[in-house]
A.B. asks: 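Before we start, here is the structure in question, set down as structure tokens.
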There are 2 protein chains.
Amino acid sequence: MNLKNTPARSAIYDFLVRSSSPVDAGQIIKFLRSKNLNTNKVTVYRNLDALFKNGLLERVEFGEGKFRYEFKKNHHHHLICTNCGKIEDISGEYLTVIENKIRKENGFIVKSHSLEFYGLCRNCRNN
Amino acid sequence: MNLKNTPARSAIYDFLVRSSSPVDAGQIIKFLRSKNLNTNKVTVYRNLDALFKNGLLERVEFGEGKFRYEFKKNHHHHLICTNCGKIEDISGEYLTVIENKIRKENGFIVKSHSLEFYGLCRNCRNN
DNA sequence: TTGACAAATGCAACTAAGTTGCATATACTT
DNA sequence: AAGTATATGCAACTTAGTTGCATTTGTCAA
């Protein structure tokens, strides 16, 4: 698949690169409107899909019934504060030992995993 | 919250208890129809919600854009085969060490986590 | 530099998953 | 057996995401 460099696509990607935590399609659409780039929502969804399938984006789900996307950086996991909604990254390669165990014990070859932690962030724990 | 014992509710719960892997609302609705329990989808969603909020069910998401539910058993994680869709359980309390580290290093108190592994099951790895 | 052609876009209409308001019915308590 | 909170059904709605199709735009090779 050959990705072309279009205004909509680079606006979406730039926005994701600058975002400090994963964003959903709705937030992207709002952002584009605020910049007077009148981009159709279909274009947004199709671009997220294309960028994701080409390995430029990561797709995550935090139990909200919708996906969030972030640009692909070092492998990491998320700390999601269930009180204020803040999302922190933690760098992580904790699971290699477990994945080897799974391969031995279950005959299952792990290709990827999703790991998110829910709880209270530093601020919210004190309130 | 006081849960009443109604036919719809116990049919849904029984189905989940007997299911070997997490099921979605659609599967439950189909099952109920096949048993000629003509239960409205709203009732299904409301019951899943009530059972979940009362701690009788677990809710999971496997990147499909919808939720799956399973009855609450020992804490475990899932192995999801990306080829045939088979879902296996692995019992797991692997993360306590990591969660303590997070508490120390990030000041974040982990209340729950979600961890799923995607890859190829024993059968599919050989094809 | 100019076609050619694949890839991208916009529009409208659609689907799937889940929710809400409201009137009626049913389970549980006393 | 009555009263009341809880549950249900229906219809209508919302939110997230998808599809078909006609038009436009990037890119690459001549």
Side-chain angles (χ1 to χ4, degrees), chain A residues 1-16 19 21-70 80 85 87 114, chain B residues 1-16 19 21-70 85 114:
Chain A
M1 199 193 279
N2 256 343
L3 288 191
K4 288 183 184 173
N5 181 16
T6 67
R9 181 159 297 159
S10 57
I12 292 167
Y13 187 69
D14 287 359
F15 179 58
L16 286 165
S19 298
S21 52
V23 298
D24 61 57
Q27 292 173 286
I28 294 168
I29 291 164
K30 266 183 210 143
F31 167 76
L32 295 172
R33 288 218 182 103
S34 80
K35 291 276 170 187
N36 291 316
L37 300 162
N38 65 325
T39 306
N40 196 277
K41 68 167 180 165
V42 180
T43 301
V44 172
Y45 280 109
R46 285 200 272 230
N47 272 308
L48 289 172
D49 206 53
L51 294 167
F52 172 60
K53 284 188 178 145
N54 281 270
L56 295 162
L57 297 183
E58 208 88 58
R59 192 171 77 169
V60 292
E61 215 283 343
F62 296 159
E64 302 166 300
K66 69 184 171 194
F67 294 113
R68 287 173 176 267
Y69 296 84
E70 64 187 333
I80 300 131
I87 298 163
S114 76
Chain B
M1 198 193 278
N2 255 340
L3 289 191
K4 287 182 184 176
N5 180 17
T6 68
R9 180 159 296 160
S10 56
I12 292 167
Y13 186 69
D14 288 359
F15 179 59
L16 286 166
S19 298
S21 52
V23 298
D24 60 57
Q27 292 173 287
I28 294 167
I29 292 164
K30 267 183 209 141
F31 168 77
L32 295 172
R33 288 217 182 102
S34 79
K35 291 276 171 186
N36 292 314
L37 301 161
N38 65 325
T39 305
N40 196 276
K41 70 168 181 165
V42 180
T43 301
V44 172
Y45 281 109
R46 284 201 272 231
N47 272 307
L48 289 173
D49 206 53
L51 293 167
F52 172 60
K53 283 187 179 147
N54 279 269
L56 295 162
L57 298 183
E58 207 88 57
R59 192 171 78 167
V60 291
E61 215 283 344
F62 295 159
E64 303 166 300
K66 68 185 171 192
F67 293 114
R68 287 173 176 268
Y69 296 83
E70 65 187 335
S114 76

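Every chain is numbered from 1 and lettered A, B, ... according to where its sequence line falls, protein lines coming before strand lines.
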A.B. asks: Let's see if you get this right: which residues in residues 26-36 of chain B place a heavy atom under 4.0 Å from DNA chain C?
C.D. replies: none

A.B. asks: Would you mind reading off the bend of the helix from C/dT1-D/dA30 to C/dT30-D/dA1 from its two end axes, five pairs each, to 10 degrees?
C.D. replies: 40°

A.B. asks: Just grab all the salt bridge (charged side-chain N to carboxylate O under 4.0 Å, His left out) pairs involving residues 32-51 of chain A, residues at least two apart or on different chains.
C.D. replies: A/D49-A/K53

A.B. asks: Test of understanding: with side chain to side chain contact (heavy atoms under 4.5 Å, CB included), list the residues that count as partners of A/T39, not counting sequence neighbours.
C.D. replies: A/A8, A/L32, A/L37, A/T43, A/V44

A.B. asks: Not counting sequence neighbours, list each pair that qualifies as a ring-ring contact (aromatic ring centres under 6.0 Å, His included) and has a residue in residues 21-61 of chain B.
C.D. replies: B/F15-B/F31

A.B. asks: Can you pull the salt bridge (charged side-chain N to carboxylate O under 4.0 Å, His left out) pairs that have at least one residue in residues 55-64 of chain B, sequence neighbours excluded?
C.D. replies: B/E64-B/R68

A.B. asks: How many Å lie between CG on A/L3 and C1' on D/dT25, as a whole number?
C.D. replies: 15 Å

A.B. asks: State which residues pass salt bridge (charged side-chain N to carboxylate O under 4.0 Å, His left out) with A/D14; sequence neighbours excluded, sorted by chain then number.
C.D. replies: none

A.B. asks: Using the salt bridge (charged side-chain N to carboxylate O under 4.0 Å, His left out) criterion, which residues pair with A/R9? Sequence neighbours excluded.
C.D. replies: none

A.B. asks: Who passes ring pair (Phe, Tyr, Trp, His ring centres under 6.0 Å) against A/F62, sequence neighbours left out?
C.D. replies: A/H78

A.B. asks: Roughly how many Å is it from OH in A/Y13 to P in C/dA8, rounded to a whole number?
C.D. replies: 16 Å

A.B. asks: My understanding is that only residues two or more places apart in sequence, or in another chain, count here; which of them pass salt bridge (charged side-chain N to carboxylate O under 4.0 Å, His left out) with B/K66?
C.D. replies: B/D24

A.B. asks: Rounded to the nearest 0.5 Å, how far apart are CG of B/N47 and OH of B/Y13?
C.D. replies: 13.0 Å

A.B. asks: Give me the residues of residues 38-45 of chain A where at least one heavy atom lies under 4.0 Å from an atom of DNA chain D, by number, or none.
C.D. replies: A/K41, A/V42, A/Y45

A.B. asks: Atom pairs under 3.5 Å, N or O on each side, protein against nucleotides 22-27 of chain C: can you list them with distances?
C.D. replies:
{"from": "C/dA27", "atom 1": "N3", "to": "B/K4", "atom 2": "NZ", "distance (Å)": "3.2"}

